Amino acid sequence: MLLAGAVAAAANPPQRAIDESHRGYVYYREYCAACHGVFADGLGPVVPALRSRPPDLSRLAAKYGRPLPKPALIE
């Protein structure tokens with residue numbers, strides 16, 4: 001019974017998490033992907049016009065995991 005519940009929870013993640021992730025993706029595509037690239041590899045279409053190449057953000061995911069952890073609040 002416990003295994004069935006875990007499988008059901010994994011198959012149906014909370015709707016809020018999906019919505020937040022989608023909003024972040026839309027935001028990234030609109031404001032970041034031109035420089036950082038769709039795959040966050042630093043190879044966006046405007047790179048030839050820049051003085052230096054944008055960072056490869058996929059390295060952050062390799063180091064910290066996916067999704068990236070939320071930053072701690074500064075008090």
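On a predicted model such as this, the values are computed, not experimentally measured, just so you know. These values consider heavy atoms only, across backbone and side chains, with no hydrogens, waters or symmetry-generated copies.
Annotation: side-chain hydrogen bond (donor to acceptor under 3.5 Å, both in side chains) contacts of Arg59 (sequence neighbours excluded): none. Every residue was checked against the side-chain hydrogen bond (donor to acceptor under 3.5 Å, both in side chains) condition with Asp41, not counting sequence neighbours, and none meets it.
Minimum heavy-atom separation, Ala33 to Pro45: O-CD, 3.9 Å. Contact detail for Val47 and Cys35: the closest heavy-atom pair is CG2-O, 3.5 Å.
Evaluation of the ring pair (Phe, Tyr, Trp, His ring centres under 6.0 Å) test over residues 27-51, restricted to residues two or more places apart or in two chains, returns Tyr27-Tyr31.
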